[in-house]
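One-based numbering, in listed order, for ligands and for the atoms of each.
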Amino acid sequence: MNTKLWTVDVKEDLSTNYPQITQAARLLQQNETVAFPTETVYGLGANAKNNDAVAKIYEAKGRPSDNPLIVHIAEIGQLKEIAEADSAQAETLMKHFWPGPLTIVLPCKKGVLSTRVTAGLDTVAVRMPDHPVALELIKRAGVPVAAPSANLSGKPSPTKAEHVIHDLNGRIAGVVDGGPTGVGVESTVVSCTGDVPVILRPGGVTKEQLEEAAGPVLIDQGITDEKKAPLSPGMKYTHYAPEAPLAIIKGSLKNIQQLIEQYQKDGMRVGILTTEERAGAYRADVVRICGRRDRLETVAAGLYDSLRSFDEEKPDFIFAESFPEEGVGRAVMNRLLKAAGHRVIEA
Ligand code: AMP
Ligand code: MG
């Protein structure tokens, strides 16, 4: 398959007949797959109502069929068509965070969406992205758009169009390049099907922000406790992993450097994922900076690009520094722990 590439300048007015977006929307209407930027990561979109279209997402990504997809909408009117939206909590959350990096799980309306979207569950995950290209594309397609991250299953999510092309060129119908995404980690997934909202996946909207808007929220224990099954099917899979094995490293800079040298003595090329504040302290074979430790949102924004960039240098082993589990640091650590297969080393 020849993958079309359109470049869009997000600073221009996209609402007036922008031909790139019209062409991409037409492909969605023809039940083809199109990758597009959102404020979190690039998504791989398809018509959420059509079985064949949704099947193409799973096929292109190599995604397990029991991992349901997030449905993206551009207008609040689209919500009532696909979900039972009478939860007061959900309404509060939507008012505060939509458009934005918050996905809300609600009871699903029957017979509207492809059953592949929900992987047979009776709930559906819905989000309104805060990105002009995503919103305009969904509006013009005129259908709800199922869109997981536009990477091969298991790989770090794409934050640039070139990441999408690296993973999916020839496997999807098109890519809209709207430049790098902003938030850098995926949306927070919150279930609003019970009495209290439950975070199923930490992400761009923090627990603190959710509680300020809507009162107490719970965190699914399955996210942090490896022994418990997560409520969200996707959380059980390995994800975000670069090619080399990776472990999270805790300890003083001196001890971490000693460990790096020990691995090097054993003949390994060692990589370290670090921050601007600490990069100068390491003598490793590959040093990658994901952001600034004193501004965790920069770490979230740079995380996947730096994880991917290790692959070019082919280290034998990667150490990743750990981050405080507060604010967006919760999402960063969740992704790093998955990339590490939960391996944490104390130096
Ligand atoms: P991705 O689109 O690849 O960022 O992943 C979407 C995440 O949302 C995965 O962890 C899914 O398992 C989760 N998800 C999607 N639909 C549902 C649902 N109905 N209930 C619980 N989790 C869901
Ligand atoms: Mg994903």
Side-chain angles (χ1 to χ4, degrees), residues 33 35-46 48 54 57-58 60-73 79 82-85 87 90 101-110 112-129 134 144-159 163-164 167-168 172 181 183-194 197-205 218-223 229-241 300 303-304 307-308 331 334-335 337-339:
T33 49
F36 60 92
T38 78
E39 81 281 29
T40 58
V41 301
Y42 273 74
L44 179 61
V54 176
I57 292 180
Y58 284 94
K61 283 181 58 92
R63 183 174 173 109
S65 60
D66 70 343
N67 189 1
L69 307 177
I70 295 172
V71 178
H72 292 65
I73 58 174
L79 179 71
I82 60 179
E84 303 293 346
S87 146
L102 182 71
T103 295
I104 302 180
V105 174
L106 292 164
C108 188
K109 286 248 165 89
K110 291 200 173 60
V112 182
L113 296 171
S114 156
T115 51
R116 293 184 209 256
V117 167
T118 52
L121 299 175
D122 53 11
T123 54
V124 61
V126 191
R127 162 167 127 84
M128 190 188 291
V145 173
S149 49
N151 51 281
L152 284 176
S153 212
K155 292 283 154 206
S157 301
T159 52
H163 299 158
V164 179
D167 278 18
L168 299 177
I172 61 177
T181 60
V183 178
V185 289
E186 297 84 344
S187 60
T188 303
V189 179
V190 172
S191 170
C192 284
T193 55
V198 183
I199 296 176
L200 306 184
R201 174 178 74 180
V205 173
L218 299 172
I219 299 188
D220 172 20
Q221 292 301 305
I223 296 176
L231 297 171
S232 175
M235 296 301 284
K236 67 178 179 281
Y237 290 108
T238 306
H239 248 101
Y240 320 115
L303 182 68
Y304 292 141
L307 280 175
R308 279 178 175 264
N334 169 262
R335 308 309 191 261
L337 279 163
K338 282 183 157 291

Enumerated ligand 1 atoms positioned under 4.0 Å from heavy atoms of [X]:
X	answer
S149	2 (O), 3 (O)
P148	2 (O), 3 (O)
L121	18 (C), 19 (N), 20 (N)
T123	18 (C), 19 (N), 20 (N)
P233	12 (O), 21 (C), 22 (N)
R201	1 (P), 4 (O), 5 (O), 6 (C), 7 (C)

Check: [X] N/O within less than 3.5 Å of ligand 1 N/O:
X	result
E186	no
V189	no
H239	no

Pick one of side chain, backbone, both or neither for how [X] approaches ligand 1, counting any non-hydrogen atom pair under 4.0 Å.
X	result
N67	side chain
L200	side chain
H72	neither

_Distances under 2.8 Å only: what protein N/O/S atoms are near the Mg ion (ligand 2), ordered by chain and residue?_
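Near the Mg ion (ligand 2), the protein supplies S149 OG.
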
*For T38 and R127, test the side chains for any donor-to-acceptor distance below 3.5 angstrom and give the result as yes or no.*
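Present: a donor and an acceptor within the cut-off.
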
*So, E186 versus S157: side-chain donor-acceptor pair below 3.5 Å or not?*
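Looking only at side-chain atoms, S157 and E186 do form a donor-acceptor pair, the distance falling under 3.5 Å.
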
*Looking only at heavy atoms, which two atoms of V105 and A125 are closest? And how far apart?*
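Heavy atoms of V105 and A125 come nearest at CG2-CB, 4.0 Å.
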
For [atom], grab the closest protein heavy atom and report residue, atom and distance to one decimal in Å.
atom	value
atom 17 (C) of ligand 1	P68 CG, 3.5 Å
atom 22 (N) of ligand 1	S232 OG, 3.1 Å
atom 3 (O) of ligand 1	R63 NH1, 2.9 Å

Counting C-beta onward and ignoring hydrogens, is there a side-chain heavy-atom pair between [X] and [Y] closer than 4.5 Å?
X	Y	answer
I73	I82	yes
L69	R63	yes
V183	T181	no
H163	K155	no
P144	L113	yes
D167	R308	yes
L121	P233	yes
E39	P129	yes

*asked:* Using a 3.5 Å distance criterion without hydrogens, assess whether the side chain of Y58 forms a donor-acceptor pair with backbone atoms of N67.
replied: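 Pair found, side chain donor or acceptor close to backbone of N67.
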
*asked:* Check the orientation of H72 and F36. Use parallel for under 30°, tilted for 30 to 60°, and perpendicular for over 60°.
replied: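 Ring orientation of H72 relative to F36: perpendicular.
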
